[in-house]
> 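Sharing a structure, written as structure tokens. Questions coming.
Everything numeric here is computed off the predicted structure, so don't read it as measured data. Residue numbers count from 1 along this sequence.
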Amino acid sequence: MQWKSPGSPRPKKARISLSKFKTIQGMGSSLARVRWLIGLYQYDPTDNKAYRWLDGSVSNFRNWMPTQPNSVYERCALLDGSNGYKWRDEICSNRVLFICRKDLEKEGSMNCFKGQPPNPSLEKKDISVTECLEHCRGLGYTLAGTIPDKCFCLKADNLNNMEVAPRLECNGNCQNQHCGNNNFVTIYNLNCAEKTKCDKPWRTFRSVCFLFSDTNNQKFEEAQSFCYKKGGFLASIRSSAEHGFIIKTIQGMGSSYQRVRWFIGLYQYDPNDNKAYRWLDGSVSGFRNWMTSQPNSIYERCAMLDGSNGFKWRDDVCTNRALFICRKDLDDSKE
């Protein structure tokens, strides 16, 4: 299944909003018709529609030109000033102007620190920065630290015995966005949202809103269309804490909901590999909770929570009808 999101209104909050073009226009006519690199890139070399944000955002806002993206060899996204600031793909080695982004906070969104944090929360070969941040955010931490192959979930007092280090001091294996090796660690501020409430009928868990379709059985694509129109996606589940919240919520809805199946936003993207699953919303979380024998078929390409098997996950035929769970960020839950 080559997933295409159904048409719907633009999400309420985007990583780049159309009003930001006023800044470029105000910089003078010489800059108004050139191209600008942004942090969107094609992560799958075989799929020219598979784009994600470098900073880990799962915003689905896009503003492509009608014919774009159109090449697996042009894997970086640009704003094209000569085409109304619509986006286009481009060869990443070409040189253009570019736009940076960081959150408005005293310490910035990332710093290099010298010293040793506590024991790693997650160790995984070639773990990406995004996966580490999502892992720690899902556990409710305010800070995340990375060095190659290790992820640290931290609180503010964990930094008491560490000191900020200029990035140029950092040495060792600086792969991806890491600033150093075992003597230096990159610390990211996760900017956890205030624990306010999502608008009903969404259920609040930390900085995330979940919606449970308690009466509406749908096919997988119909369920995703419903979630998309509500400003979200079929739910990604990025940690055991989120999974536990979902189970507890379903159990509180009554016995009739506890032994049924629920679609989530995980699907098999390679029709020839029944282990090749990814999240619809672009999350790279590696959290999984499959039943022992699952997934087991290239013909059952959509994932479900199976209430009759302890809410473990199973693959199923995407055209079967089931209840489903939607997800969106708390920041996107207000009008």
Side-chain angles (χ1 to χ4, degrees), residues 1 3-17 40 49-53 55-63 130 133-134 137-138 140 190-239 241-250 253 257 261-267 269 277-285 287 289 302-305 311 313 318 321-335:
M1 176 177 61
W3 180 258
K4 294 183 180 179
S5 294
S8 71
R10 194 172 74 234
K12 301 179 184 69
K13 181 180 178 184
R15 297 302 290 180
I16 295 181
S17 65
L40 193 67
K49 308 299 183 186
Y51 275 76
R52 67 166 60 121
W53 295 105
D55 65 5
S57 164
V58 295
S59 168
N60 63 336
F61 175 74
R62 299 292 187 268
N63 193 39
T130 303
L133 268 57
E134 291 186 349
R137 185 180 288 117
L190 300 180
N191 296 316
C192 291
E194 285 186 43
K195 295 180 181 177
T196 55
K197 296 291 185 180
C198 304
D199 292 337
K200 293 182 180 180
W202 295 82
R203 310 286 185 105
T204 308
F205 181 71
R206 295 172 179 165
S207 59
V208 179
C209 303
F210 291 103
L211 179 65
F212 296 79
S213 68
D214 53 358
T215 60
N216 193 6
N217 285 277
Q218 299 281 7
K219 300 175 183 177
F220 185 85
E221 290 195 12
E222 293 171 344
Q224 167 57 7
S225 178
F226 178 93
C227 295
Y228 198 83
K229 290 174 181 177
K230 296 291 185 181
F233 287 88
L234 270 175
S236 58
I237 303 175
R238 305 177 192 176
S239 68
E242 290 184 355
H243 194 257
F245 170 79
I246 288 171
I247 293 174
K248 185 176 180 180
T249 301
I250 294 173
M253 293 167 62
Y257 296 104
R261 297 180 183 178
W262 300 75
F263 274 127
I264 57 175
L266 194 66
Y267 72 104
Y269 64 89
Y277 274 76
R278 68 165 61 124
W279 296 107
L280 279 171
D281 65 8
S283 165
V284 295
S285 169
F287 177 75
N289 195 41
C302 293
M304 292 181 167
L305 302 185
F311 296 99
W313 306 356
C318 299
R321 293 184 179 273
L323 299 179
F324 56 92
I325 306 166
C326 304
R327 175 194 182 119
K328 65 180 177 181
D329 292 334
L330 180 59
D331 289 345
D332 294 333
S333 67
K334 303 293 183 182
E335 293 293 340

> If every non-hydrogen atom of Phe311 is compared with every non-hydrogen atom of Trp313, which pair is closest and at what distance?
O-CD1, 3.6 Å
> Would you name the heavy atoms of Ala235 and Trp279 that are closest together and state the gap between them?
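Smallest interatomic distance, heavy atoms only, reads O-CZ3, 3.5 Å.
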> Restricting to non-hydrogen atoms, name the atom on Ala223 and the atom on Leu234 that form the minimum distance, rounded to 0.1 Å.
CB-CD2, 3.9 Å
> Would you call the rings of Phe210 and Phe245 parallel, tilted or perpendicular if under 30° counts as parallel and over 60° as perpendicular?
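Ring orientation, 0 to 90° scale: tilted.
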> Report the residues that fulfil side-chain hydrogen bond (donor to acceptor under 3.5 Å, both in side chains) with Asn216, sequence neighbours left out, ordered by chain and then residue number.
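So Asn216 forms a side-chain hydrogen bond (donor to acceptor under 3.5 Å, both in side chains) with Gln218.
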> Between Phe226 and Phe324 (judged by ring centroids, cut-off 6.0 Å), do the two rings come close enough to count as a pair?
yes
> If I compare all heavy atoms of Leu280 with all of Phe220, which pair ends up nearest, and what's the gap?
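The pair with the smallest heavy-atom distance is CD1-CZ, 3.6 Å.
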> Going by heavy atoms in the side chains, are Leu211 and Lys328 under 4.5 Å from each other?
no
> What pairs with Tyr277 under ring-ring contact (aromatic ring centres under 6.0 Å, His included), at least two apart in sequence or on another chain?
Trp290
> For Ala322, is there any backbone N or O sitting under 3.5 Å from a side-chain donor or acceptor partner on Arg261?
no
> With sequence neighbours excluded, tell me which residues meet side chain to side chain contact (heavy atoms under 4.5 Å, CB included) with Asn217.
Arg321, Leu323
> Which pair of non-hydrogen atoms, one from Lys219 and one from Phe263, has the smallest distance, and what is that distance?
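Minimum heavy-atom separation between Lys219 and Phe263: C-CE1, 3.9 Å.
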> Within the side chain of Glu242, is there an N or O that forms a donor-acceptor pair under 3.5 Å with the backbone of Ile237?
no
> Check whether any side-chain heavy atom of His243 lies under 4.5 Å from a side-chain heavy atom of Leu305, and answer yes or no.
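With C-beta onward as the side chain, the pair touches.
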> Where do Cys198 and Trp202 come nearest, in terms of heavy atoms and distance?
CB-CB, 3.7 Å
> Hey, what's the ring geometry for Phe212 with Trp262, parallel, tilted or perpendicular (30° and 60° as the breaks)?
perpendicular
> Which is it for Arg137 and Val208 under the side chain to side chain contact (heavy atoms under 4.5 Å, CB included) test, yes or no, and what are the steps along the way?
CA-CA 10 Å; Arg137 185 180 288 117; Val208 179; over 6 Å; no
> Taking atom CD1 of Ile264 and atom OH of Tyr267, what is their separation to the nearest 0.5 Å?
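Interatomic distance, Ile264 CD1 to Tyr267 OH, rounded to 0.5 Å: 13.5 Å.
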> Does the distance from a Lys or Arg side-chain N to an Asp or Glu carboxylate O, for Arg238 and Asp281, drop under 4.0 Å?
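Counted as a salt bridge, because a side-chain N and a carboxylate O are separated by less than 4.0 Å.
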